[in-house]
Amino acid sequence: MGIENQALTSEELKVYPNPNDGSFTVRILNSTKYNSVELVDMLGKVISAYKLNGSDTSEIEINEELESGIYFVRLRGSDILQSQKIIVY
């Protein structure tokens, strides 16, 4: 079985503010289908990773000292991989 890449709805994943200065909030609805959240740079390097607790809604405050650029918030589940682009100024 491969990893399924389904489209996220805007209600399912919210990253705000976007763009940001490296401090932002990730809010995930229906988070029971995901195991973790990763912050990834453009080269695919994982900057930080966070375990989800299995509740219906998860909210993670991220405060990283990041260089300006484009990053991705990546959601991982057992057979699902989703990502959303964020911009750090």
Side-chain angles (χ1 to χ4, degrees):
M1 177 183 280
I3 292 180
E4 191 174 329
N5 193 0
Q6 301 171 346
L8 285 171
T9 65
S10 60
E11 294 82 31
E12 200 170 17
L13 174 64
K14 293 211 183 279
V15 179
Y16 56 91
N18 189 16
N20 61 69
D21 62 0
S23 248
F24 56 95
T25 301
V26 177
R27 184 161 198 226
I28 307 134
L29 299 179
N30 301 319
S31 63
T32 55
K33 61 185 174 182
Y34 302 107
N35 303 323
S36 65
V37 175
E38 298 171 335
L39 178 61
V40 183
D41 69 11
M42 286 290 291
L43 299 175
K45 178 183 171 191
V46 176
I47 306 298
S48 55
Y50 306 86
K51 294 280 184 195
L52 295 175
N53 60 13
S55 62
D56 282 340
T57 302
S58 295
E59 193 165 288
I60 300 170
E61 300 287 329
I62 297 178
N63 188 9
E64 297 281 340
E65 291 184 21
L66 300 171
E67 292 185 26
S68 297
I70 296 173
Y71 295 84
F72 294 91
V73 172
R74 189 162 63 188
L75 300 177
R76 284 191 173 274
S78 58
D79 60 351
I80 297 174
L81 178 63
Q82 302 289 344
S83 63
Q84 181 173 330
K85 179 172 74 172
I86 63 167
I87 299 171
V88 174
Y89 53 81

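These figures come from a predicted structure and were not determined experimentally. Along the sequence shown, residues carry numbers from 1.
In this structure, CG in Leu13 is found 11.0 Å from OG in Ser58, a value given to the nearest 0.5 Å. In this structure, Lys14 NZ and Thr25 OG1 are separated by 12.5 Å, a value rounded to the nearest 0.5 Å. Of the inter-residue distances, the one linking Ser31 atom OG with Leu75 atom CG reads 9.0 Å to the nearest 0.5 angstrom.
Residues Val88 and Asn20 have side chains in contact (heavy-atom distance under 4.5 Å, counting atoms from C-beta outward). A heavy-atom distance below 4.5 Å is found between the side chains of Lys33 and Glu12. A 4.5 Å side-chain heavy-atom check between Met42 and Phe72 finds at least one atom pair inside the cut-off. Looking only at side-chain heavy atoms (C-beta outward), Val37 and Val73 come within less than 4.5 Å of each other.
Hydrophobic clustering (side-chain heavy atoms under 4.5 Å, transitive across Ile, Leu, Val, Met, Phe, Trp, Tyr) groups Val15 together with Leu52. In the hydrophobic clustering of ILVMFWY residues, with side-chain heavy atoms under 4.5 Å counting as a link, Val40 and Leu66 come out apart.
Put simply, the residue from Ile70, Leu39, Val26 that forms a side chain to side chain contact (heavy atoms under 4.5 Å, CB included) with Ile86 is Leu39.
Take Asp56 and apply the side chain to side chain contact (heavy atoms under 4.5 Å, CB included) test, not counting sequence neighbours, and it matches Thr32. The side chain to side chain contact (heavy atoms under 4.5 Å, CB included) check on Asp41 picks up Leu43, Lys45, Ile47, Tyr71, with sequence neighbours excluded. With sequence neighbours left out, Glu67 forms a side-chain hydrogen bond (donor to acceptor under 3.5 Å, both in side chains) with no residue at all. Every residue two or more places apart in sequence or in another chain was checked for a side-chain hydrogen bond (donor to acceptor under 3.5 Å, both in side chains) with Asn18, and none qualifies. Checked against side-chain hydrogen bond (donor to acceptor under 3.5 Å, both in side chains), Ser48 has the following partners two or more places apart in sequence or in another chain: Tyr50, Glu64. For Glu59, the side-chain hydrogen bond (donor to acceptor under 3.5 Å, both in side chains) partners two or more places apart in sequence, or in a different chain, are Arg27.
Looking at every heavy atom in both residues, Ala49 comes nearest to Glu38 through CB-CG, 4.1 Å.
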